[in-house]
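Remarks on the structure that follows.
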Amino acid sequence: MWTVDDSTDIYGIENWGSGYFFINYQGHVAIAPHKDRKSSIDVMDLIDEVEYAKDIEFPVLVRFPQILEHRIVEINEAFLGAIQEFQYPGGYQPVFPMKVNQRKEVIEYTITYGKKYNIGLEVGTKAELLAALALGMPKEALIICNGYKDEDYLKLALSITNVNNIILVVDLFEEIFDVIRYARELGVRPKLGMRIKLFSRGSGRWVESGGESAKFGLVTSEALQILRILAEVGLIDMLKMIHFHIGSQITEVRTITTAVTEASRIYAKVVKVTKSIEYLNVGGGLAVDYNGSKTATFSSKNYSLREYANDIVYNIQKICDEEEVPYPTIVSESGRATAAYHSMLIFKIIGKKNSKEAFLKAPTEEDPVQLDDLCSAFKEMNLSNYKEHFHDALQNREDLYNAFNLGNIGLEERAKGETLFWMVCKKAAQFARQAEDESEDFTELRKIVSQKYIGNFSLFQSVPDMWGVNQIFPVMPLHRLREMPCEHGTIVDLTCDSDGEVKVYAGDSEGKEYLELHPLIKDEDYYVGIFLIGAYQDTLGDYHNLLGLANEVHVLVEGEKYKVLHKVKGDTCKVLLDFFKYDTRDYINRILRTCKEKGECIDKKELDQIEAELNKAMGGYTYFTKLNGHTKIKESDDRPCMP
Ligand SMILES: *Cc1c(COP(=O)(O)O)cnc(C)c1O
């Protein structure tokens, strides 16, 4: 019997779910925003509610603001715990980097939930600064301005220097001259920071953000020069922060130790020049274990949150002690670790590719011998001979294609051959699995029988990093988890792009090539979720094939109940066309004009019909929508699984 525990195992949900996601006794995925199962939501209840309300369609992106809250609390408590453990005399200040998720609601939740820790924001561009200013942050919360800054950016930040707690971080040496000039023009004394280029660098995909050749930060000689310049113009006492950031998703704790040690030394040397330095900002980099393997591989990490905080606090303290300098307030900018868990995408499977058994017709007398052989193979196959039959089947298939190319057999025979071959392979794969066959044959078999489940979503819109940097995001069915998932295959998206396919699945440290899936059932929906997509994916996503933003629901969980806080409509086709500068107002007139030019006449009824369809499509969702009332699977050729 297949149990919930088997599903928990096979999908690794408790490894990557970090306590927020689990499978409940009904075999449904459940979400516990406070890592407390007594206060959780069955995802199928939410799905039913969305289906029942009929106001939005799938795919739906679900946000759990309380997970954001829980992440903020956990990160802060880790630092406060470390500070207490080592009796570090300085404080801690969290900052959320806007580039990780600029969605207004997400930033609002972050500010609201982070208020008790005085959470600040880090911005990297003019537009991000403008966005941050729109939110009415408390005056004490830090706004850290990073990135390359032009006149508008600098002047905007400088002009509100006395209204907000803004720190202008010099990322690029030449910036210092502009800062001084504009500050003088506006008559303000800005708080300043320096981003330092460390010799230590991260590891993994974003290694280039640190080290000597990094895009941002000052080399030692530049930093020294800035100190001299600031002293000359009488601004040296405004230098408040030393900042570094060696890249995102740091997979090894050792890397963090080295970087913090180096940065603390630099801080100590600078603070001896100017006592004004208050903050040591350790940037981001705190990783998320996307595949749940707890290893130093790219989609994982080999340390815990508390280890991370301990490492930072301990090393800063050690070096401040050695150098006999004041203890800075520690600032960290964890974006990924704060935001990743809070959202998931739910979509439906709309069909399957590569399932050929639907059209089987029995072979007849006149059929070529290979068809007969395939048929017998299917009948006679067992645990001890499945390999031979599989090899023979490969040969038979080859012979049939050759015969077809030579014109000796027709389409009917070719079709029968393909179907029979597929059935033989499916059966062989089942025996191979039973025999725990690990040979190359089995790998090939798996590839042949693997099915493509077509998901109603866009990988490019919803999980762009899966495509762009081959990052793993956990993907799994959301229900039927008490049933054995006896199919295996991959999930492909709606785009007409062969890259729109989930190619690696969470489950072990290397990632799996295939996902275990359930056979589709006629007139029943099959729901799949992609998890941990709250960091970077929202605004990195693109409009490939003009598939737009998904509908959203924001959900609060209270004990055994939940509340839909917010429903946000995704893009309609019209929104996308307008975004890409099509003039959608005039479609019908243009069609009329073209007809007139061609001297054709088009009757009123046909024209009305065109207009109605245009309007309907234009105002509709960019994703697959209802087919005659429902998107349910119309036909299913799946057979029940073998035990
Ligand atoms: C991107 C970025 C961050 C966020 O890094 P995470 O690894 O997502 O925490 C923090 N600080 C700076 C300066 C950044 O550029």
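Remember, it's 1-based here, ligands and their atoms both numbered in the order they're listed.
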ask   = So which of R336, E333, K99 gets nearest to atom 14 (C) of ligand 1, if we judge by its closest heavy atom?
value = K99
task = Return a yes/no value for L286: is any of its N or O atoms, backbone included, closer than 3.5 angstrom to an N or O of ligand 1?
result = no
ask   = Who gets closest to atom 6 (P) of ligand 1 by heavy atom: A287, S248, G124, G247?
value = S248
ask   = Hey, does G285 sit under 4.0 Å from ligand 1 if you only count heavy atoms?
value = yes
task = Number the atoms of ligand 1 from 1 as they appear, then name those within less than 4.0 Å of a heavy atom of Y536, with their elements.
result = 1 (C), 4 (C), 5 (O), 6 (P), 8 (O)
query = For ligand 1, which atoms have a heavy atom of S334 less than 4.0 angstrom away?
reply = 9 (O)
ask   = Okay, side chain of N302, backbone of V253: is any donor-acceptor separation there less than 3.5 Å?
value = yes
request  = Give a yes or no on whether a salt bridge exists between E122 and K99, defined as a side-chain N under 4.0 angstrom from a carboxylate O.
outcome  = no
task = If you have a sec, work out which protein heavy atom is nearest atom 9 (O) of ligand 1 and how many Å separate them, to one decimal?
result = G335 N, 2.7 Å
inquiry  = For the OG atom of S304 and the CG atom of D289, what is their distance to the nearest 0.5 Å?
reply    = 11.5 Å
key: Element-labelled atoms of ligand 1 that are located less than 4.0 Å from some non-hydrogen atom of R195   = 13 (C)
query = Quick one: do the T329 and E278 side chains pair a donor with an acceptor below 3.5 Å?
reply = no
inquiry  = When you measure from the centre of the six-membered ring of Y20, is the NZ or CZ of K35 closer than 6.0 Å and no more than 45° off the axis?
reply    = yes
note = ligand 1 atoms nearer than 4.0 angstrom to some heavy atom of E122 are 12 (C), 13 (C)
request  = Measure from NZ or CZ of R336 to the centre of the six-membered ring of Y536 and say whether it is under 6.0 Å with the direction within 45° of the ring axis.
outcome  = no
request  = Please find out if less than 6.0 Å separates the ring center of F177 from that of F173.
outcome  = yes
query = Just by distance, do the side chain of K104 and the backbone of Q102 share a donor-acceptor pair under 3.5 Å?
reply = no
query = Quick one: which ligand 1 atoms are inside 4.0 Å of a heavy atom on H243?
reply = 13 (C)
request  = Mind checking whether N146 contacts ligand 1 via backbone (N, CA, C, O), side chain (CB onward), both or neither, at a 4.0 Å heavy-atom cut-off?
outcome  = side chain
